[in-house]
Structures are given as structure tokens and as C-alpha cells.
Amino acid sequence: MRSITAAVLAASRVFAACSKEEPVSAPQGDIADPSAELSVLFDEYFERNLELNPLRATSIGDYRYNDRYANSIGPEHRAASTAMDEEFLARLLEIDREALPRQDQLSYDMFRLNREMSLEADRFPGHLQPINQFYSALNSFVQLGSGTSIHPFKTVKHYDDWLSRIDGFVVYADQTVDNMKEGVRQGVVQPKILMAKSLPQIESQLVDSAEESGFWAPIENMPAEFSDEDRERLTAAFREAIENKVIPAYQRVANFIGDEYMAAARDTVGLYALPNGPEWYAFNVRRITTTDLTPDEIHQIGLDEVARIHNEMRGVMEEVGFEGDLTDFFEFMNNDDQFYFDEPEQLIQGYRDMSDHVSELAKDLFNVFPKTGFEVRRVEPFREASASGGLYRTGTPDGSRPGVFYANAYDIKARPIWGMESLFLHEAIPGHHFQRSLQVENEGLPNFRRFGGYTAFTEGWGLYAESLGKEIGIYTDPYQYFGALNAELWRSIRLVVDTGLHAKGWSRQDVLDYMYANSPVKEARAVSEAERFMAIPGQAVAYKIGQLKILELRARAEERLGDQFDVKDFHTQVLMDGPMPLSMLETKIDDWIAQQL
């Protein structure tokens, strides 16, 4: 629920320090210049925030705190976060905003919004619902410990750091149980259907020996250069930690959920049913979209967009000569064997094959490109049943970890080939990989902007990237274009069903019925998506709202600039300063347009 503004120190110093794993001190001394004062404030906040949230440091390649795992849902950590927000907001307001240059004013406004939103989020008890099937620290810890995520396992110190990090995780796991018990007392509990999906994920880690655990992988993949003494010591230490700390921690959480929490979980599925739920959801929507749109307004936008896109789909039906109505066409697209692979690896390889081709085509629409590497991986088996169709993990600016597009190949007959091009554009090139890599590579940004984000901007860009398919030179197959329309339709459906669930009292079945009636979706995806909306209320509405704003700004620029409009320059303007609230993006693009006239 808290704003994510993890970052590092000043850009000129950051990665030299990170690579050496040495602490860096913020500049000292009296600051008379407002811009310099602002920069020092940002640097100090980032350094303290990284220390408070060590996984954020790890995620950007700063390994100084790799031996720690924050109990972020515990009372001490939450109080410390609140105190930091209050302190830095007060200090920010002492700086004369009007004395700052335009770019610093933008940073000032974003930092203020982040602190204010973070403080407002404290009003709502998200910490009492620490587990769901879509996102859970217990799931992400498996990824961390397997060596496939952000914690490195390249040196002996990395291994020793992990053993220490396990101790922090055990505290977090026990805090999870304490918080859920308090949630039961306050009536702030998860839907029963979500916990029924969460429990098997946790139980998958309950194995009989360390060697059977995913946490054993770093031992199996231990670097050859480690000495025999270190190999023997670490092997014994990992076995002891996994069998006597990690597995028992998962067992305690699983026991509590199965023995107590499941009985207290609720049959309702919307946030409206919780104490102060309607206000909580309205806040989520406002925070995630960075707009003042209400749930009712977003619901109507969704209904209008669904109707518009259905008409576009009918055009594809005519192009391919399909006879029947839209429902018949959905049935055909859903079930014809030509649209599906037989093996999961075919899907993953298909995405890998797109990389070089789309990268080359993107040169016609972009004049800035990321340096960070990129690769495609399959979503891990332990979480694929509940994961979305695809997701992207940002790489590190120093190139030590590439950006990764995780593609979900679970239930391969629910993963149509016609959806691949649009998903690749969204998650990879020129979507998240372009936007996020260019953002973290931009050393000119204050680090909270360089490593922070706004969902409406980031996901709005991803969906906007999908709309570039024909312009970039793909979607030449009408069925792939249908897939792009369906992807956009899906984000429009999200506006309807997310607000339906959390503001209008829709049931899980109401959501599924709406999905089946309005899109060619298979049951596996429909169920996982519906339950995703239940798990993270409001997040799904950001995509379409952000895309519509970017499209609106492009249309405005094209109309006002006429022959002077250059799509490459427009894309640079949108991306060059990193994510920002949509209202600030609008002001920025309007200023850019005015400068061209």
C-alpha cells in the first residue's frame, strides 16, 4: 500500500559504491541554494529508505544490505516509515518551490505527492492482509532463495548474506501470522477463495529435506571457485537453515491458515465489504491512477471502451471473412487448434524469436534505446497457476542483471498464439523494457524518480506500446491484430469488473460472466485474472486510464503541431523524464508542444 520510491544515492556516485558494496555518505554542509538543498533532501531520504527497506536496495543492485530482510508489516517498521514520511514532507515544505527551476519543481511536486499518498495509505489496514495468491512475500522469498531473482549468489559473502537474510524472513513470517490474527479480530480478512489458492503455494515449500527445496538450488549451483572449506561450511549451513528455519516458518503460516484463518475468511470478494471499504477503494483508485476519477466514472469509461473495441473486432471478422456474430467469433478464436501450441516451450521460444525482429522495427518510432540487456523466461511452476499472462522485472543499470520478461505457459491451451505480439510489445519492446530501462539508466533524474514509479504511467505506457503494433510493422496477420484488440478489450473490461467488484458489490461469478460474455477468454485466464482483481483492488484500472491519457496527448500534439510533429520526439518526451503522475505528464507535454510553435 505504501508508495514505492526506493532509490540509491546521488547518480554520480551510486553504482561505483554499489559494485564495491561500500557505504556512501550524503554531502554535508550548509546549503543556501534551493536546488542543492532539494538534492540533499532527496539523497538523504533515499539512503535512509534503502536501509529501512533492504530488498529495494537489492533490486537496484546495491548489495550493502543483502544480509537483511525487513519486517515491513511489523509495528516498528511501519512506525519508522510513517515518521520518515512526516519528517521529509515537513522538510520539503520549508524549501521555496517557486525559487526552483522547472525540472526541480516537477521533482518537488512528485516527492510531495509520494509522501502525502504514503501517509494517507496508513489510514487503511493493508498490513492485516499480508498474503494473497497473486502477491505474497512467502512466494517472492522462494524466488529470492532459488538464485533466479534479485539476490545474487556469486560470492561467499552473497551466500553468507542469504543465511542472515533468512533470519529476517522468519521474523516476517511470524509477523504475518500475528497480523492475520489481528485482521480476524478487526474483521479485515481475505476472501476465502483467495486463501484456498494461497495455501497450496505455501504448502509447496513443505518438503522433507533441504535437497528437495527450491532453496537448495544455490548449493547445487555453487560457483566452482569456492574453496572446499567454504563449500562444506555453506552446504551444512544451508541444510540447517532450510530444515530448521525456513521450512518450519512456512509450516507455521500454513498451519495457521488451514487451522484457523480459513474458517474466518470471508465469502464476499470485494473491498466494499470490509470496514471503511468504499473509502479504501476510492483511495486506491485515486492513488493508482494519479487522477481524481471516481470508481463510477471509471466503470462508465470501461463500458464505453468495451463497446468501441467490439466494433473494431467486427472489422477483423469482416477482413477474414468470418460468418457469424461476435460471440461466434470469440468461440472460434478460443477453440480452433491453429491458434495454440502443443508444448509450453514453443510459446517461450516464440517470444524469444520476436526480440531481435521487434528491436529492429522499433528504430522507426524511437530515437533513444536502452543499454540494459533483456531476456525471456518462463514463469516458475510453483506460481504459474495464479500468475498473470506475462510480467516484467527491471534489470540493473550497471548491466549485472538483465531485464526479464516472464511469460506464463501454464495450461498451454489457454495461451493463444494470437495474443503473443501484443503481449511482447507490452512487457518487452517497446513497452516495459524500454520505459523502465531508460528510466533507471537516466542518471540525470533524482533517484526517487529514477527508481520509483507510478502505475498509471508505467502500465499506461505498456498498453500504449501495444497500440503501436501496426505502426511499428507487426500485426500484419489480422488474427494478431485481433489479439491486440483483445488485449485492449481486456484492459477495458478490467475497468468494469474491478470497479464492479470493489464498489458495486459484484460477485466472483458476476465478474466471470461479464468476461465470458465480452471476450474470448479461456477459463484458466478468466479465473486467475478475476482473482487477481480481488487480491489487489484498484491496480488493474491503471492500465487503460494511463493509455487513454498518452493517446490523448499524442492526438493533441499531432493536431497542434501538424507537419512539425515527430513521433520519435514525442516518445522521447514521454519517456525521458521517467514516470510521473498523469496530470504532470499532461503539463509537460503541453509545454513541449508550446515550445515547438
Side-chain angles (χ1 to χ4, degrees), residues 55 69 73 129-151 153 162 165-166 168-177 179-180 190-221 238-263 265 344-345 348 377-391 393 404 406-412 414-415 524-525 527-529 531-532 534-536:
L55 281 181
Y69 191 95
I73 57 174
Q129 296 180 307
I131 290 178
N132 60 59
Q133 86 298 344
F134 188 78
Y135 174 77
S136 164
L138 277 75
N139 283 349
S140 62
F141 196 69
V142 181
Q143 293 177 283
L144 282 171
S146 69
T148 62
S149 185
I150 61 177
H151 186 103
F153 288 93
W162 179 251
R165 186 162 255 179
I166 284 174
F169 170 76
V170 171
V171 173
Y172 181 98
D174 290 335
Q175 187 72 54
T176 294
V177 173
N179 284 16
M180 294 173 80
Q190 292 282 29
K192 191 166 296 187
I193 185 67
L194 301 192
M195 298 314 298
K197 297 293 179 70
S198 302
L199 186 55
Q201 294 175 344
I202 299 167
E203 290 176 333
S204 70
Q205 305 308 313
L206 305 181
V207 293
D208 294 329
S209 67
E211 287 83 355
E212 298 174 73
S213 170
F215 292 97
W216 191 250
I219 298 299
E220 294 177 335
N221 301 317
F238 266 62
R239 179 177 287 109
E240 192 278 334
I242 293 168
E243 293 182 354
N244 297 324
K245 295 179 181 179
V246 176
I247 294 174
Y250 278 87
Q251 185 71 67
R252 290 193 294 275
V253 177
N255 288 346
F256 169 71
I257 293 174
D259 296 343
E260 299 181 41
Y261 194 80
M262 196 68 75
E345 189 53 38
I348 304 304
R377 297 180 191 171
R378 183 177 175 179
V379 173
E380 302 92 338
F382 78 90
R383 66 188 182 99
E384 64 182 359
S386 297
S388 59
L391 57 119
R393 189 190 71 200
V404 179
Y406 284 95
N408 196 341
Y410 174 75
D411 189 1
I412 194 63
R415 311 290 171 185
R525 185 185 181 193
V527 168
S528 68
E529 289 284 317
E531 292 171 354
R532 164 190 172 163
M534 300 172 201
I536 45 175

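Minimum interatomic distance between Phe153 and Gly147 (heavy atoms only, all atoms of both residues): CD1-CA, 3.7 Å. Considering every non-hydrogen atom in both Leu55 and Ile150, the closest pair reads O-CD1, 3.8 Å. Closest heavy-atom contact between Tyr69 and Arg165: CB-O, 3.5 Å. Minimum heavy-atom separation, Val253 to Ala173: CG2-O, 3.7 Å. Of all heavy-atom pairs between Ser146 and Ala217, the closest is O-CB, 3.5 Å. Contact record, Ser198 with Asn132: OG-C, 3.1 Å, taken as the closest heavy-atom pair.
To the nearest 0.5 Å, the span separating CD on Glu345 from CD1 on Ile412 amounts to 9.5 Å. Atom-to-atom distance recorded for Tyr410:OH and Arg415:CZ is 8.5 Å, nearest 0.5 angstrom. Ile348 CD1 to Tyr406 OH: the interatomic distance, rounded to the nearest 0.5 Å, is 11.5 Å. Here the CG-OG distance, from Leu138 to Ser204, works out to 10.0 Å after rounding to the nearest 0.5 Å. Taking CG from Leu144 and NE2 from His151, the interatomic distance works out to 8.0 Å, rounded to the nearest 0.5 Å.
Contact annotation: the side chain of Arg393 never approaches that of Gln143 to less than 4.5 Å [non-hydrogen atoms, C-beta and beyond]. Using a 4.5 Å heavy-atom threshold, the side chains of Ile131 and Met195 count as touching. Inter-residue side-chain proximity for Phe134 and Ile536 is flagged as met; some heavy-atom pair is nearer than 4.5 Å. Between Val527 and Lys197, some side-chain heavy-atom pair lies under the 4.5 Å cut-off. Within the 4.5 Å cutoff, the side chain of Thr176 has no heavy atoms near those of the Arg252 side chain. For the pair Phe238/Pro218, a side-chain contact is recorded, criterion being any heavy-atom separation below 4.5 Å from C-beta on.
Shown here are the side-chain contact (heavy atoms from CB on, under 4.5 Å) partners of Val142, two or more places apart in sequence or in another chain: Gln205, Phe215, Tyr250, Phe382. Partners of Ser136 under the side chain to side chain donor-acceptor pair (under 3.5 Å) rule, at least two apart in sequence or in another chain, do not exist in this structure.
Under a 3.5 Å cut-off, the side chain of Glu243 and the backbone N or O of Ala210 do form a donor-acceptor pair. Without hydrogens or angle criteria, Asn179 side chain to Pro130 main chain gives no donor-acceptor distance under 3.5 Å. Arg377 contributes a side-chain N or O that, together with a main-chain N or O of Thr148, makes up a donor-acceptor pair within less than 3.5 Å.
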Under 3.5 Å, which donor-acceptor pairs link side chains of residues 256-263 to any protein atom two or more places apart or in another chain?
{"from": "Tyr261", "atom 1": "OH", "to": "Gln190", "atom 2": "N", "distance (Å)": "2.9"}

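Between the side chains of Gln133 and Gln201, no donor-acceptor pair of N or O atoms lies under 3.5 Å. For the residue pair Gln251 and Asn255, a side-chain donor N or O sits within less than 3.5 Å of a side-chain acceptor on the partner.
Ring-plane geometry between Tyr172 and Phe169 is classed as parallel, the angle between the planes falling under 30 degrees on a 0 to 90 degree scale with a further cut at 60.
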